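Just so we're clear, the structure is a prediction, and the values are computed from it rather than from any experiment.
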Amino acid sequence: MDANELAQQLLDAQVEYVLAELSGKRLTQLIARDVDDVLSIMDDLTVSDVLKPDSAKRVARRLVDRVAASTLLEELVSALSDAIYDLSASDEYTLGEVVERDPVEALVAKLLSMHQLQDRALEQMAESPLVAAVASKFVTKIVSDFLQQNRQLAERLPGAKSLISFGMGAASRVKNATVDQFLGDAAGKSTQFAIRRTNVAVRELLREAPLQGAAMEIWDLHAEAPISDLREYLSKQELRELALLVHGLLVSARSSEYVGEIVDECVDVFFAEYGARSLASLLPDLGISRDDLVADLRSLVPQLIDAARADGRLEALVRTRLEPFYKSDRVLALLRG
């Protein structure tokens with residue numbers, strides 16, 4: 001038998017061996033063995049041994065830029081928002097069963113205690129011309145509605161209706177041109193002062209009033225209701241549009257240099273915290289155990305291999321990988337010898 005024929009027979013034998021390894025009980029044993037081997041290697045390598053910060057930054061920036069703008073992600077945003085909105089399980093669970101009360105209470109307490117944020121926001125509102133214009137219209141509307149309401153109440157008094165009608169009839173000719181303008185001008189001139197006075201009241205309200213208790217009462221009302229009741233706040237279309245708008249914001253910001261700087265800083269922080277740690281030691285911190293890896297691979301890999309075996313692709317792939325070795329000059333020389 002010449003060397004080429006012997007090489008072909010050896011190739012056939014090894015392909016048969018590999019395919020047998022990738023089936024049945026032997027495959028489950030192979031997965032466990034390979035996981036242990038990989039973990040053993042990872043235990044001797046640190047993060048900095050296998051990954052450099054500059055390379056990690058390039059990869060992270062590319063992922064943020066391309067994945068955020070991918071068509072797949074945009075389509076998933078719409079599909080997921082619709083699926084979550086119609087989720088049948090929303091009728092079976094209450095909000096309180098999904099989100100515990102203590103973290104919500106802690107979040108509310110923290111938000112109410114962030115006085116620097118509140119003060120800065122209120123100051124910016126007081127300095128905004130647009131806020132002043134809105135406040136002016138708001139004040140005008142309140143005063144006008146107040147006068148109208150009190151007129152209606154006064155007209156119910158005996159003899160007052162005729163008197164009011166006389167006075168209002170004389171003033172009706174100038175009301176539209178004078179009263180609304182007067183109220184608007186008065187509100188406009190005093191708006192900034194009023195806003196600042198209102199800000200003082202808001203600050204006191206945030207610091208002293210029992211807002212935390214009020215907020216938790218609102219939470220408790222919703223916590224006992226099915227999650228599906230939240231649909232009363234917005235429609236499916238509104239949720240989808242809101243999700244797409246948030247996605248659009250992320251897409252518009254992804255390629256900015258500032259976002260790139262944030263990504264780089266995140267990578268630097270990761271290496272500062274974990275660069276000297278072994279790869280294997282990170283898995284428990286991520287909540288991943290050796291048994292989890294084995295179980296997950298055993299549930300996924302056999303299905304992939306069986307699908308590839310069914311149409312002959314698996315054997316073809318194995319043969320393609322091994323054949324160059326058996327046809328190499330060195331192997332043939334050894335076989336001839």
Side-chain angles (χ1 to χ4, degrees), residues 63-64 67-118 120-122 125 131 134 138 141-142 145 198 201-254 259 262 266 283-289 291-300 303:
L63 290 176
V64 169
V67 174
S70 66
T71 303
L72 174 64
L73 184 58
E74 183 176 0
E75 293 175 348
L76 279 176
V77 167
S78 297
L80 286 173
S81 68
D82 290 348
I84 293 173
Y85 192 92
D86 293 329
L87 190 65
S88 60
S90 297
D91 296 318
E92 302 173 9
Y93 297 92
T94 65
L95 189 60
E97 291 175 329
V98 178
V99 181
E100 295 182 0
R101 192 180 193 278
D102 290 345
V104 175
E105 188 172 14
L107 176 61
V108 171
K110 183 60 180 178
L111 291 175
L112 292 176
S113 68
M114 297 172 66
H115 302 316
Q116 181 178 349
L117 173 63
Q118 298 160 8
R120 182 57 179 163
L122 292 172
M125 289 177 61
V131 172
V134 173
F138 180 70
K141 178 65 175 174
I142 288 179
D145 289 349
T198 302
V202 171
R203 287 189 180 95
E204 294 176 355
L205 181 68
L206 292 173
R207 286 163 171 74
E208 299 176 9
L211 287 183
Q212 182 175 347
M216 293 313 299
E217 283 186 2
I218 296 174
W219 165 260
D220 291 336
L221 289 174
H222 288 82
E224 298 300 323
I227 297 176
S228 57
D229 284 4
L230 296 176
R231 294 171 187 159
E232 298 176 3
Y233 288 91
L234 74 171
S235 66
K236 180 194 293 188
Q237 180 65 25
E238 289 171 334
L239 177 61
R240 182 192 308 145
E241 292 174 354
L242 181 61
L244 288 174
L245 286 172
V246 173
H247 174 257
L249 288 175
L250 296 177
V251 170
S252 66
R254 79 190 192 284
V259 171
I262 292 177
C266 290
L283 295 180
D285 289 351
L286 293 172
I288 302 174
S289 67
D291 292 341
D292 292 332
L293 289 173
V294 172
D296 292 340
L297 290 174
R298 283 176 174 173
S299 66
L300 297 173
Q303 299 180 46

Taking it one step at a time, do Asp292 and Ser289 satisfy side-chain hydrogen bond (donor to acceptor under 3.5 Å, both in side chains)? CA-CA 5 Å; Asp292 292 332; Ser289 67; 2.9 Å; yes
Give a yes or no answer on whether the side chain of His222 reaches the backbone of Gly96 with a donor-acceptor pair at less than 3.5 Å. no
Non-hydrogen atoms of Glu97 and Glu92 that approach each other most closely: OE1-O, 4.1 Å
Ser81 and Glu241: CA distance, side-chain angles, deciding distance, side-chain contact (heavy atoms from CB on, under 4.5 Å) verdict: CA-CA 9 Å; Ser81 68; Glu241 292 174 354; over 6 Å; no
Derivation of the side-chain contact (heavy atoms from CB on, under 4.5 Å) call for Leu293 and Ile288: CA-CA 7 Å; Leu293 289 173; Ile288 302 174; 3.8 Å; yes
Look at atom CD of Gln237 and say whether more than 12 heavy atoms of other residues, nucleotides or ligands are closer to it than 6.0 Å. yes
Which atom names give the shortest non-hydrogen contact between Lys110 and Ser113, and what distance separates them? O-OG, 2.8 Å
In Å, rounded to the nearest 0.5 Å, how long is the span from NE2 of His247 to OG of Ser78? 9.0 Å
Examine distances only and state if a side-chain atom of Gln303 and a backbone atom of Arg298 form a donor-acceptor pair shorter than 3.5 Å. no
Ignoring hydrogens, what is the shortest heavy-atom contact between Leu73 and Val67? Give both atom names and the distance. CD2-O, 3.4 Å
Using side-chain contact (heavy atoms from CB on, under 4.5 Å), reason through Val98 and Thr94 one step at a time and then give a plain yes or no. CA-CA 7 Å; Val98 178; Thr94 65; over 6 Å; no
Exam field: side chain Gln212 to backbone Leu112, donor-acceptor pair closer than 3.5 Å: no
Please name the pair of heavy atoms, one in Val251 and one in Ala68, separated by the smallest distance, quoted to 0.1 Å. CG2-O, 3.1 Å
Quick check against the 3.5 Å criterion: does Glu224 have a side-chain atom that pairs as donor or acceptor with the backbone of Leu221? no
Looking only at heavy atoms, the pair that brings Asp296 and Ser299 closest together is O-OG, 2.7 Å
Stepwise side-chain contact (heavy atoms from CB on, under 4.5 Å) test for Arg101 and Asp220: CA-CA 8 Å; Arg101 192 180 193 278; Asp220 291 336; 2.8 Å; yes
Minimum heavy-atom separation for Glu74 and Leu244, please, with both atom names. O-CD2, 4.1 Å
Can a cation-pi geometry be assigned to Arg240 and Tyr85, taking NZ or CZ under 6.0 Å from the six-membered ring centre and within 45° of the ring axis? no
Do Asp82 and Lys236 meet the salt-bridge criterion of a basic N to acidic O distance under 4.0 Å? no
